Amino acid sequence: MSLQVGDLAPDFSLLDTHGNLVRLSDLRGQRVVLYFYPRDNTPGCTKEACGFRDAYSDYESQDVVILGISTDHAKAHAKFTTKYQLPFPLLCDEDATVAQVYGSYGLKKFMGKEFVGVHRHTFVIGSDGTIEKIYRKVKPESHATEILAHLLG
């Protein structure tokens, strides 16, 4: 059964680029934008991350934490973060455990081929830890502003 709006967001603990342990439960009291993305340094993922970067001060002013999750390792995240000056943490879910729990990992199709990977999904988690909104169809270019409009609305 997939996660729905109103469900308690599953807790997790993952390492970020710098080896810091990030626990979702430690962020209670703040809203969290948890976005899953396929791979560092790919065109769509770069557009999405840079969108969050460019709107970061607006998110900060609303006391919203942004967390990006992919199956990339810390070294790839570090290069991506540095290259694009990303001000928010990227978390390492190398075995896709968290992505699976959030229903954001599975069969995908690209250019006629099927493979297993991370789906581009985003979860807005309320300050009480419940899922406030789920985005399963994401346009990387406009995603950050779309979410911000929801948060401000």
Side-chain angles (χ1 to χ4, degrees), residues 3 5 9-10 12-24 26-27 29-111 113 115-127 129 131-153:
L3 293 172
V5 169
F12 61 82
S13 299
L14 290 175
L15 294 176
D16 71 7
T17 307
H18 307 290
N20 301 312
L21 189 65
V22 176
R23 286 184 193 87
L24 183 61
D26 290 345
L27 300 172
Q30 294 178 286
R31 285 166 114 181
V32 176
V33 171
L34 182 66
Y35 81 97
F36 291 88
Y37 67 99
R39 183 135 333 268
D40 293 333
N41 282 305
T42 57
C45 297
T46 299
K47 288 175 187 169
E48 186 176 19
C50 289
F52 283 118
R53 176 201 65 200
D54 296 346
Y56 187 70
S57 62
D58 295 323
Y59 281 93
E60 252 190 335
S61 71
Q62 297 297 311
D63 197 29
V64 175
V65 175
I66 299 170
L67 300 173
I69 297 181
S70 80
T71 55
D72 289 310
H73 52 78
K75 195 172 186 178
H77 280 344
K79 285 181 182 178
F80 189 48
T81 298
T82 300
K83 183 175 182 179
Y84 294 103
Q85 300 175 336
L86 303 178
F88 50 85
L90 299 179
L91 307 181
C92 304
D93 186 22
E94 291 184 56
D95 62 1
T97 301
V98 176
Q100 288 177 46
V101 168
Y102 276 81
S104 299
Y105 189 82
L107 193 62
K108 298 171 67 168
K109 289 184 182 182
F110 182 69
M111 296 179 70
K113 297 197 181 225
F115 61 98
V116 176
V118 175
H119 294 282
R120 192 181 306 278
H121 293 162
T122 301
F123 297 81
V124 177
I125 301 168
S127 58
I131 298 172
E132 188 176 297
K133 187 144 177 81
I134 301 171
Y135 297 85
R136 296 201 193 277
K137 296 195 185 284
V138 172
K139 293 182 182 170
E141 302 82 9
S142 58
H143 192 49
T145 54
E146 176 186 14
I147 294 171
L148 197 54
H150 161 75
L151 294 171
L152 297 173

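What you see is a predicted model, and the numbers here were worked out from it, not measured in a lab. All heavy atoms count here, side chains included; hydrogens, waters and symmetry mates do not.
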With sequence neighbours excluded, tell me which residues meet salt bridge (charged side-chain N to carboxylate O under 4.0 Å, His left out) with Asp26. Arg23

Does any pair with a residue in residues 54-74 pass ring pair (Phe, Tyr, Trp, His ring centres under 6.0 Å), and if so which ones, sequence neighbours excluded? Phe52-Tyr59

Residue pairs fulfilling salt bridge (charged side-chain N to carboxylate O under 4.0 Å, His left out) with at least one residue in residues 34-44, sequence neighbours excluded: Arg39-Asp72

Spacing of CG belonging to Leu3 relative to CD1 belonging to Ile134, to within rounding of 0.5 Å: 6.0 Å

How long is the straight-line distance from OG of Ser127 back to CZ of Arg31, given to the nearest 0.5 Å? 7.5 Å

Between Val118 and Pro38, the two heavy atoms sitting closest are O-CG, 3.6 Å

Let me have the donor-acceptor pairs involving side chains of residues 145-153, under 3.5 Å, with sequence neighbours excluded, atom names and distances please.
residue : atom : partner : partner atom : Å
Thr145  : OG1  : Ser142  : O            : 2.9
His150  : NE2  : Glu132  : OE2          : 3.1

All ring pair (Phe, Tyr, Trp, His ring centres under 6.0 Å) counterparts of Tyr105, not counting sequence neighbours: none

What is the ring orientation for His119 with His121, classed by angle as parallel under 30°, tilted 30 to 60°, or perpendicular over 60°? parallel

If I compare all heavy atoms of Ala49 with all of Leu86, which pair ends up nearest, and what's the gap? O-CD2, 3.8 Å

What heavy-atom pair brings Phe12 and Val98 nearest, and what distance separates the two atoms? CB-CG2, 3.7 Å

Which atoms form the tightest heavy-atom contact between Tyr102 and Ala9, and what is the distance? OH-CB, 3.6 Å

Listed by chain and number, what are the ring pair (Phe, Tyr, Trp, His ring centres under 6.0 Å) partners of His77, not counting sequence neighbours? none

Closest non-hydrogen contact found for Ser61 with Asp58 is OG-O, 2.8 Å

At their closest point, which heavy atom of Ala96 faces which heavy atom of Thr71, and how far apart are they? CB-CG2, 3.9 Å

State the CG-OH distance between Leu34 and Tyr135, to the nearest 0.5 angstrom. 13.5 Å

Min side-chain heavy-atom separation Pro87-Glu60 under 4.5 Å: no

Who pairs with Gln62 by side-chain hydrogen bond (donor to acceptor under 3.5 Å, both in side chains), at least two apart in sequence or on another chain? none

Lys79 atom NZ, neighbour heavy-atom count above 12 within 6.0 Å: no

Can you name the residues that form a side-chain hydrogen bond (donor to acceptor under 3.5 Å, both in side chains) with Asp93, not counting sequence neighbours? none

Considering residues at least two apart in sequence or located in another chain, which fulfil the side chain to side chain contact (heavy atoms under 4.5 Å, CB included) criterion with Asn41? Phe80, Lys83, Tyr84

The side-chain hydrogen bond (donor to acceptor under 3.5 Å, both in side chains) partners of Thr42 (sequence neighbours excluded) come to none

With heavy-atom distances below 4.5 Å as the criterion, would you say the side chains of Phe123 and Val32 are in contact? no

Within the 4.5 Å heavy-atom criterion, are Pro89 and Val65 side-chain neighbours or not? no

For Arg120, which residues count as a side-chain hydrogen bond (donor to acceptor under 3.5 Å, both in side chains) partner, sequence neighbours excluded? Glu48

Rounded distance (nearest 0.5 Å) linking atom OH of Tyr35 with atom OG of Ser104: 13.5 Å

How would you list, by chain and number, every residue that makes a side chain to side chain contact (heavy atoms under 4.5 Å, CB included) with Val22, sequence neighbours excluded? Asp16, Leu67, Leu91

Against Lys47, only a single residue in Glu141, Lys139, His143 fulfils side chain to side chain contact (heavy atoms under 4.5 Å, CB included); can you say which? Glu141

